[in-house]
Amino acid sequence: MTRLGRLLGDLVRQRGGVLTDELARVRPGFGLGQVPARLAPDRTVSTVCGFCSTGCSLDVHVRDGRPVNITPTASYPVNLGMACPKGWEALTPLRADDRATRPLLRDQRGRLQPVSWEQAGAAFASRFKDVQRRHGPDSVAFLSTGQIPTEEMALLGTVAKFGMGMVHGDGNTRQCMATSVVAHKETFGFDAPPYTYADLEESDVIVLLGSNLCVAHPILWERVCRNPHRPEIIVVDPRKTETAMAATQHYALRPKSDLVLLYGLANLLITRGWIDEGFIAASTDGFEEFAAHVARYPLDDVAARTGLSVAELDRFATAVHEGRRVSFWWTMGVNQSHEGVRSAEAIIALALLTGNIGRPGTGANSITGQCNAMGSRLFSNTTNLLGGRDFADAADRALVAGVLGIEPGRIPDRPSLAYDQILEGVVSGRIRGLWIVATNTAHSWINQTHGHDVLDRLDFLVVQDMYQSTETAQRADLILPAAGWGEKTGTFINSERRIGVVRRVADPPGEAMADFDVFRLLADAWGCGELVERWTDPEAAFGILRLLSAGRPFDFSGVSGYEMVERHGGVQWPCPTPPDAEGTERRLFADGRFFTPTHRARFVFGDDRKPDEPLTSRHPLILMTGRGSSAQWHTGTRTSKSPILRSLSPEQLYVDISPGDAEARGILADDEVIVSTARDHVRARAAVTPNVGAGQIFLPMHHADTNRLTAASFDPQSRQPSYKWSAAEVRRAAPEDVASRAPNR
Ligand code: SF4
């Protein structure tokens, strides 16, 4: 029996012995008698949610073999019986009628036509190999995701880089977390968010920077609300977000003046002696240099540059000083910036110099975006070699090769290009083939119009996705139908480093397969199937990842398998020995030792810079984008399938604009307006609100039109896009305005 035959046999077994018509077409003659009986039809299955990085557990109720309802798991230590609207509605996207159910290959007339999996695998291999033959192995790259289980990410990276000879591959985590990764590495010595969610309940001062926690991470906000210490809640955000409204202090600083504010606060704390000299001396390097640097940020100057008053700065610093347990939390408002890394490092510096790290209720805590961004950061094998290692390090390559049982020479000796560099590589002709897995580049990438042009230049574009209707899939030459969350098994790692198990509760539609099985099939079609002999199923892959974790900061070699993870309500890394108590919370750096060679954290800093795109008389407003609703997830690929979730936020694109800016332009609430930047213009409805400051506007990122406007600007260290600053203008729509393109849903 061929590997493909075995794979399809496995697939039938996974489906409880039901040989669908589609599978029968793929593998005629495969008999029902060869497979075990279907699982008990009525059951409840606990599984980690597949949207955001909070990592809630959901109990899926299965009746007659079908998932019928969801309730949040009451006993899970993350969500304690709570879920946001996306979690409650997590099953609906699985039933959408635009699911990809068969491989589709574009024919010579440009039409996507159904093909068998054998034909799809053959086309994938022959077309990409042909590109590589003509332009070199580097000419084919992949773009991955933080939305699939860690086992699948690791298998993709292994197959693509060690089997297919690709050098370049990156993930959509570049769009959300790359900044934090760099900041953690430079300061802590490893990409290691130090906290546990219990810290939200144990702080007496909670500082939220660039985080609309109420909307973006609603269950974490619920954890804040459970805090019994009546905490001071300080929000730093140009907008008066839902979180800012609920805060005890809100600092509405000028957009992208956060680094100036942070250096100014550090200077204030240092000059007043409000620092922890013992901790600084024992556990940090570079304080003197940092203090000299921030001395260049005197109070008056910082007030003028941030738009905050001296009294506000004083109040902020005093709150930090008087707090016994101060925690600093940040997310995309910091990360998605032209100087995000330096800003994140400045937040870490505030925690270090006040000794607010390693103790309950403290920490410099980056909140991740996607459900498995943390798994991606460790095991996607894109810019880092498997396990947060270095492609350029021969010892790291030898170790990984030894664990995987492959020749070290199969491992590239250089890291990948970043996401934006891969796309620019397409423009320059360096990249000719692209394989996109579970991400919607044509919607989410900054300066979308350019992104569309880039994708259309490729010799061969493969999109592997749950849906054949995404903006990206519609550009593909080959669509590979993938199972979604709930239709496959594996693990996610959440923001607090907790490994959780994702369970299969439904069958994928038609011929769609788990990404894990697609990667194995494609390895076989390529002729590198021997590489994945040991990757027989997700739990076997988990065993390989355990071995790769041994001795690393995230060592989870003490976790024997999925059953142990589930028995303990998820397990936070590190866990080098079996966990001995349920509910154990793990916080890093309690011993004041970090992952740097000196075991001391570093103060890292640099000069502040102006945003890349200047405001002009034609585009005088600052456009910020972000999450507009707790009911929509990223590009809405899945959440837009739910009528309930759609009903919770405006269907039409809206733009928040201040009353003064609206009046100056003759705009009334609910007016049709045109929002323009140097790149494009879109039609929107005006939401006139004091929640954005003068000179600022805001667009929700889940709307398909938003990234037609954004300026392609990147943090130079992390290569993360800066979605929070573009020069824009708004005017009332005139009858002659050409309607903006309708969204595709
Ligand atoms: Fe929890 Fe996030 Fe899922 Fe909502 S989307 S239920 S907050 S994991």
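All values below come from the heavy atoms of this structure, side chains included, with hydrogens, waters and symmetry mates left out. Quick caveat, the model's predicted, so the values are computed rather than measured. Both ligands and their constituent atoms are indexed starting at 1 by order of listing. Positions are given from 1 along the sequence.
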message = Can you confirm whether the side chains of Thr54 and Tyr197 place a donor and an acceptor under 3.5 Å from each other?
response = no
Do NZ/NE/NH1/NH2 and the carboxylate oxygens of [X] and [Y] come within less than 4.0 Å?
X	Y	value
Asp517	Lys488	no
Arg223	Glu496	no
Glu89	Arg638	no
Glu563	Arg567	yes

task = Calculate, to the nearest 0.5 Å, the distance between atoms CZ and CD belonging to Arg685 and Glu651 respectively.
result =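 CD of Glu651 is found 12.5 Å from CZ of Arg685.
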key: Residue and atom names of protein N/O/S atoms that fall under 2.8 Å from atom 2 (Fe) of ligand 1   = Cys52 SG
